[in-house]
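Have a look at the structure below, then the notes.
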Amino acid sequence: VNGVLAVSRALGDRELKPSVCSVPFIKETALTPTDNQLILACDGLWDVCTDQQAVDVIKKESNPQTCADLLLKFALDNGS
């Protein structure tokens, strides 16, 4: 936040309150038997990646750790 603190710490710092929202974005989605993966990620990924890009990065992979590694690499390669 403003190059000063990590967001996890900034939530309690009053002087940074105008820059930080502590209310999370929440979306409820019903999963079906055809759903193969669930991506849980933070702004480190979503700031540099669309939902579809994330799916495309991991769609051919079934190992959860490999999926996480691929998404991490994508985020870092794209400026996160």
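We number each residue from 1, following the sequence as shown.
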>> Nearest 0.5 angstrom please: Q37 CD to I58 CD1, how far?
In response: 4.0 Å
> So how far is it from N36 CG to C67 SG, rounded to the nearest 0.5 Å?
Replying inline: 10.0 Å
Who are the side-chain contact (heavy atoms from CB on, under 4.5 Å) partners of [X], not counting sequence neighbours?
| X | result |
| --- | --- |
| T50 | Q52, Q53 |
| D51 | W46 |
| T32 | T34, D35 |

> Does any non-hydrogen side-chain atom of I26 lie less than 4.5 Å from one of E28?
Replying inline: no
>> Please give the remaining members of the hydrophobic cluster of L38, linking ILVMFWY side chains under 4.5 Å, ordered by chain and number.
In response: L40
> Is there a donor-acceptor pair under 3.5 Å between the side chain of S80 and the backbone N or O of G44?
Replying inline: yes
>> Can you list everything that forms a salt bridge (Lys or Arg N to Asp or Glu O under 4.0 Å) with D43? Sequence neighbours excluded, please.
In response: none
For a quick test of your reading: what N or O donor-acceptor pairs under 3.5 Å do the side chains of residues 71-79 make, sequence neighbours left out?
residue	atom	partner	partner atom	Å
K73	NZ	D77	OD2	2.6
N78	ND2	F74	O	2.7

